[in-house]
Amino acid sequence: MSDETNHNVRDPTTPPAATPAGEQPGNPARRKFIREAAVVGVAGAAGLALAACGKQEAGKVAGSAATSAAATTASAAKGLPEDYVPPGQLDEYFGIWSGGQSGEIRLLGLPSMRELMRVPVFNPDFTIGWGVTNESKRILGPNFPPGGDCHHPHMTQTDGHYDGRYVFINDKAHTRVARIRCDVWRCDRIVDVPNVQAIHGLRVQRAPRTGYVFANGEDQVPSPNDGRDLDDPKKYQTMFSAIDGDTMNVAWQVIVDGNLDNTEADYAGKYAASTCYNSEGGVTLAEMMQAERDWVVVFNIARIEEAVKKGDFKTIGSSKVPVVDGRHGSPLTMYIPIPKNPHGINASPDGKYVVANGKLSPTVSIIEWAKIDDWFDGKFKDPRDAVVAEPEVGLGPLHTAYDGRGNAYTTLFIDSQIVKWNIADAIAAHGGKKVNYLRQKLDVAYQPGHNHSSMGETRDADGKWLVSLNKFSKDRFLPTGPLHPDNDQLIDISGDTMKLVADGPVYAEPHDAVLVHKRFLMDKIKKVWDVNDPFFAETVALAKSQGVNVRSDNKVIRQGKKVFVYMTSAAPVFGLTDFKVKKGDEVTVTVTNIDPIEDVTHGFCITNYGINFEISPGATASATFTADKPGVYWYYCTFFCHALHMEMKGRMLVEA
Ligand code: K7E
Ligand code: CUA
Ligand code: CA
């Protein structure tokens with residue numbers, strides 16, 4: 001352990017500075033489980049020893065604990081950890097995880113934290129053939145910049161309840177927003193957001209329905225960014241964007257002062273609110289930290305729509321998106337000064353408040369939506385008066401989650417803790433009442449960014465689980481080289497005190513996640529593809545225009561130097577055992593899985609030709625390539641589908 005390089009990381013073996021509820025540091029429930037499951041009573045200590053030094057002996061003891069745990073799976077639930085889900089049983093929640101720098105979305109089951117699926121979005125993926133198939137390339141666009149930087153996945157809502165239609169996620173690396181269908185868990189649209197750089201904060205309109213997807217442009221750039229004003233930061237600007245979630249067109253943009261970090265929407269459908277950490281308009285770290293207060297910027301949606309309707313907007317460069325001016329003093333926006341370089345912003349599920357997390361200030365700022373109404377109605381002048389409390393919670397507050405019982409849970413990045421505090425008490429204390437709003441501080445390992453509670457960003461917040469998405473795992477897992485996994489910890493918040501239940505190592509870096517009860521999704525998820533699904537409708541229509549029924553025909557069609565190869569797949573055979581093309585031909589192979597059976601997926605790979613994609617039951621998938629190498633190239637099925645799966649293959653014959 002090198003604490004010099006990581007001065008904020010506490011040694012997990014020393015007690016924390018403050019645990020008001022008398023909690024022991026670390027992970028009581030899990031350690032209790034390990035102790036009970038192990039043959040000898042030293043496994044709890046061995047777990048720590050393993051974490052500390054990774055010695056082989058400790059590994060052996062931990063291994064026996066794991067074996068023992070597996071052996072107890074058939075036994076009664078007594079003594080098992082809260083996250084235990086027996087084999088064959090389903091989890092209660094879907095976890096929708098950002099895949100961070102991987103550019104994907106991941107589906108987890110909770111409370112088990114088992115990874116269920118990966119959904120490639122901005123990243124190439126050769127399991128599915130994302131970036132290989134024509135169907136995915138139509139979504140990714142001609143310039144497909146490989147990769148993305150995903151932070152904020154959020155599901156569509158209707159009146160503050162999840163409605164299981166879509167999930168949206170940002171790509172900060174290429175200034176994009178993607179939409180993922182919840183029925184097949186596949187990305188179906190990606191939009192480039194013009195006029196801004198680096199989409200960071202993303203949220204959905206909660207009411208009456210989503211509606212708008214709100215997206216913050218983080219970094220300020222010249223406008224247009226075409227080489228002018230290169231080193232004249234005073235002329236840089238950024239914007240808040242509203243994307244129509246149904247059409248995936250950018251509906252409008254709002255120029256702001258400063259920059260924009262995270263964003264949030266209210267429960268009435270009237271406002272969005274974004275944090276700004278750079279009210280200074282600085283371009284260096286020192287400049288961005290000068291002011292004691294930055295802002296929460298509130299966007300008045302009705303007024304913005306009105307301005308756009310009246311034609312009170314401009315467009316920039318070749319973009320047709322209406323751009324309105326929402327800078328300081330504009331009637332479209334409200335700038336609420338709050339301390340200092342704030343980061344996350346989270347609306348409480350009772351619909352009353354929105355909390356901005358202070359980051360460089362040990363406070364969170366509680367803003368009342370009703371006061372925002374009053375300010376826009378001219379009932380008071382100083383935007384600060386919308387702040388109804390500013391409780392001190394600890395060092396480095398980044399994000400806040402809710403349990404639906406009036407409590408808030410804020411991640412403290414610097415303290416490596418989750419602080420539980422009570423909203424009503426914080427407001428009362430702000431009003432001068434002698435009341436302790438702090439409920440508990442729980443150590444997490446280590447350096448949490450986002451946290452998220454079960455259903456906590458909806459009216460259905462149920463206060464059962466909290467995940468703390470920690471940036472550092474340090475000594476918690478077997479070593480994996482210099483790059484460590486993140487550590488997503490599961491915390492039971494159903495009682496009066498938070499209890500750490502499980503560690504979850506995860507590939508970098510799932511900034512954010514949402515926990516959706518399965519009742520909102522189970523009846524919406526398809527088990528086989530609809531043969532008319534829009535995802536591959538264009539491919540099927542092209543075939544039809546050539547007189548081909550993809551579900552029954554196996555044939556090769558030549559149009560000059562273009563060759564179209566159509567085949568079915570049904571375990572364990574492809575509809576064509578071979579096809580012949582000429583060197584230099586542009587070849588499109590279209591494969592349709594006519595197996596109607598759930599879970600019988602085939603793959604199609606042409607050896608040494610860079611073609612590999614998945615075809616699930618009912619699906620049609622295609623790929624286009626140039627046959628630039630003469631010879632015999634076997635194509636084969638890549639998904640183990642049948643006892644004769646190895647034999648499911650054929651030959652592409654490329655004539656010289
Ligand atoms: Cu806090 Cu991008 Cu939501 Cu990271 S952001 S943690
Ligand atoms: Cu089809 Cu393996
Ligand atoms: Ca600042």
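What you see below is based on every heavy atom in this structure, not just the backbone, and it leaves out hydrogens, waters and symmetry mates. Ligands are counted one by one from 1 in listed order, and the atoms in each one are counted from 1 as well.
Arg186 and Glu614 are joined by a salt bridge, as a carboxylate oxygen and a charged side-chain nitrogen come within less than 4.0 angstrom of each other. A salt bridge links Arg176 with Asp171: at least one charged nitrogen is closer than 4.0 Å to a carboxylate oxygen.
Of the listed residues (Glu509, Gln447, Lys172, His343), the one carrying the non-hydrogen atom nearest atom 5 (S) of ligand 1 is His343.
Ring pair Tyr335/Trp295 is perpendicular by interplanar angle, where above 60° counts as perpendicular and below 30° as parallel. Relative ring orientation between Phe214 and Tyr212 is described as tilted, the plane-to-plane angle lying within the 30° to 60° band. Ring orientation note: the planes of Phe604 and Phe574 are nearly perpendicular, at an angle over 60° on the 30°/60° scale. Aromatic ring pairs are classed by plane angle as parallel below 30°, tilted from 30° to 60° and perpendicular above 60°; the pair His511 and His151 is parallel.
Put simply, His642 stays out of reach of atom 1 (Cu) of ligand 2, with no N, O or S atom under 2.8 Å from it. At a cut-off of 2.8 Å, Phe640 is not counted among the residues with an N, O or S atom near atom 2 (Cu) of ligand 2.
Restricting His645 to its N, O or S atoms, the one at the least distance from atom 2 (Cu) of ligand 2 is ND1.
Nearest protein heavy-atom contact of atom 6 (S) of ligand 1 is Lys471 NZ, 3.3 Å. Protein heavy atom nearest atom 4 (Cu) of ligand 1, with residue, atom name and distance: His511 ND1, 2.1 Å.
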ring-ring contact (aromatic ring centres under 6.0 Å, His included) between His200 and His152, worked out: CA-CA 8 Å; His200 183 229; His152 303 114; 4.9 Å; yes
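When heavy-atom distances to ligand 1 are checked against a 4.0 Å cut-off, Asn262 comes that close only through its side chain, counted from C-beta outward.
With atom 2 (Cu) of ligand 2 as vertex, Phe639 O and Cys637 SG subtend 90°, rounded to 10°. In this structure, ND1 of His602 and SD of Met648 enclose an angle of 100° at atom 1 (Cu) of ligand 2, rounded to 10°.
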